[in-house]
Peer 1: 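Before anything else, here's the structure in question.
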Amino acid sequence: MRVVVTGGAGFIGSHLCKRLLEAGHHVLCVDNLITGSERNIAELRHYPHFAFLYHDVTQPFAFEAEAIFHLASPASPVGYMEHPIETILVNSHGTYLLLEEARRQQARFLLASTSEVYGDPLEHPQREDYWGHVNPIGPRACYDESKRLGETLTMEFYRQYRTDVRIVRIFNTYGPNSQPNDGRMIPNFITQALKNEPLTIYGDGSKTRSICYVSDLVEGLMLAMFHPQTTGEVFNLGNPEEHTVLEFAQTIIRLCHSSSPIVFEPARVDDPERRRPDISKACRLLGWHITVPMEEGLRRTIEWFSKEQSSLSAIS
Ligand code: NAD
C-alpha cells in the first residue's frame with residue numbers, strides 16, 4: 001500500500017515508518033520538524049520505497065495514499081507549551097485537511113490521539129467510553145482539547161461520509177528516538193541518571209504512570225489500521241502495568257548503575273494523579289498484547305540514550 005505518515009520524523013512516527021517499510025509498504029513521511037528530527041529517519045532513506053516531504057500539514061499538499069496515519073503534533077508538555085497555537089492547528093485544521101483527503105481518496109485514516117483526552121481522570125483505569133475530566137483553559141488545554149476536537153472531526157467524517165477512520169488513544173510510550181530534553185518522565189530520568197545528576201520528581205512521587213515500549217505501541221497502530229472491522233472504532237493503546245513515579249526513578253537509577261540522588265519539586269499544573277489504560281478492547285478486537293516487559297524496554301532505551309550521549313559528546 002501507499003501509506004502517508006504525518007509526524008513521521010518524530011519519536012513514534014519514525015518507528016512506525018520503519019515497521020511499514022519492513023512490511024513492504026511505500027511510505028511518504030511528512031513532517032515540518034517542529035519537534036521531530038531528521039536523525040530519526042536517517043536510516044530509512046536507504047529504503048527505496050521511503051520518501052520524506054518537509055511540510056506543515058496544516059497547509060494542503062498533494063499525495064496519493066491508501067492509508068494515512070496522522071501522528072503530526074507536538075506531544076510532550078515542553079513541545080506543546082512552547083508551540084500551543086501550532087498544536088491546536090495541527091490537531092484541528094491539520095486533521096480536517098487529512099480527513100478530506102482520506103474521504104476523497106477512499107483511504108483508511110488513523111488519528112493518533114492521546115490518553116490526555118481523559119484529562120485528570122475520575123475513573124480508573126480509563127476505558128474508551130469514559131468522557132474525561134479536562135480543564136479547557138489550562139496550560140495543557142492546547143493539546144488535550146485540540147486532540148478532543150480532532151477526535152470529534154474524525155467521528156463526524158465517519159458518521160457523515162462513512163470515511164474509513166479509527167482513533168487510537170496512546171498512553172505514555174517510551175523508547176529510542178525520544179528527545180532527551182522534552183520533559184517526559186522516562187527520557188528525563190534516563191538522561192539525568194546517565195550523568196549521575198539528581199532525578200527530578202514533580203510532586204511527592206506517589207502519582208502513578210504506566211509506560212508502553214514503542215515497538216508494542218507500533219504493533220497496536222498497525223493492527224488498528226489494517227485489522228478488519230476497525231472502522232469507526234476507538235482504541236486505548238498502552239501498558240496497563242502501573243507504577244509510582246518514585247518506583248520508575250528508583251528502577252532507572254538501578255538499571256543505569258547510577259549514583260544520582262532523587263529530588264522533589266512542586267507538582268506541575270493539571271498533572272494527572274493516575275493514568276492507566278484499560279486495553280481489554282484492543283486485546284479482544286485486535287488480538288493486541290504487550291510483549292516487552294518494562295525492565296527489558298528500559299534497558300534497550302538506556303542503551304540507546306547512552307550511545308546518543310557518547311556520539312553527541314564526541315561531536316562537541
Ligand atoms: P514527537 O514530537 O516526537 O513527533 C511528532 C512529530 O510531528 C514531530 O516530528 C513534529 O515535527 C511533527 N509535527 C508537528 N506538527 C506538525 C505539522 N504541523 N506538520 C508536520 N509535522 C508536524 O511526538 P511523538 O511522541 O512521536 O507523538 C506522535 C503522536 O502520538 C502525536 O500525535 C502525539 O500526540 C501522540 N501521542 C504520543 C504519546 C507518547 O507517549 N509519545 C502519548 C500520547 C499520544
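One-based numbering, in listed order, for ligands and for the atoms of each. Residue numbers count from 1 along this sequence.
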Peer 1: Mind checking who shares a hydrophobic cluster with Tyr80, ILVMFWY linked at side-chain heavy-atom distances under 4.5 Å?
Peer 2: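 Met81, Tyr143, listed by chain and number.
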Peer 1: Test of understanding: with salt bridge (Lys or Arg N to Asp or Glu O under 4.0 Å), list the residues that count as partners of Glu43, not counting sequence neighbours.
Peer 2: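 Counting only residues at least two positions away or on another chain, Glu43 forms a salt bridge (Lys or Arg N to Asp or Glu O under 4.0 Å) with Lys18.
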Peer 1: Just by distance, with hydrogens left out, do Thr208 and His243 show a side-chain donor and acceptor under 3.5 Å apart?
Peer 2: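 Their side chains do not contain a donor-acceptor pair, so the 3.5 Å distance test is not met.
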Peer 1: Give a yes or no answer on whether the side chain of Ser37 reaches the backbone of Leu33 with a donor-acceptor pair at less than 3.5 Å.
Peer 2: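 Between the backbone of Leu33 and the side chain of Ser37 there is no qualifying donor-acceptor contact (under 3.5 Å).
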Peer 1: Apply side chain to side chain contact (heavy atoms under 4.5 Å, CB included) to Pro240 and list each qualifying residue two or more places apart in sequence or on a separate chain.
Peer 2: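 By the side chain to side chain contact (heavy atoms under 4.5 Å, CB included) rule, Pro240 matches Arg276, Ile279, Ile290.
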Peer 1: Just checking, is any N or O donor in the side chain of Glu151 or Ser113 under 3.5 Å from an acceptor N or O on the other one?
Peer 2: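 Checked: Glu151/Ser113 side chains pair up, N/O donor to acceptor below 3.5 Å.
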Peer 1: For ligand 1, what is the set of protein residues having any non-hydrogen atom at a distance below 4.0 Å?
Peer 2: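 Those residues closer than 4.0 Å to ligand 1 by some heavy atom are Gly7, Ala9, Gly10, Phe11, Ile12, Asp31, Asn32, Leu33, Ile34, Thr35, Gly36, His55, Asp56, Val57, Leu71, Ala72, Ser73, Pro74, Ala75, Val90, Ala112, Ser113, Thr114, Tyr143, Lys147, Ile170, Phe171, Asn172, Thr173, Arg184.
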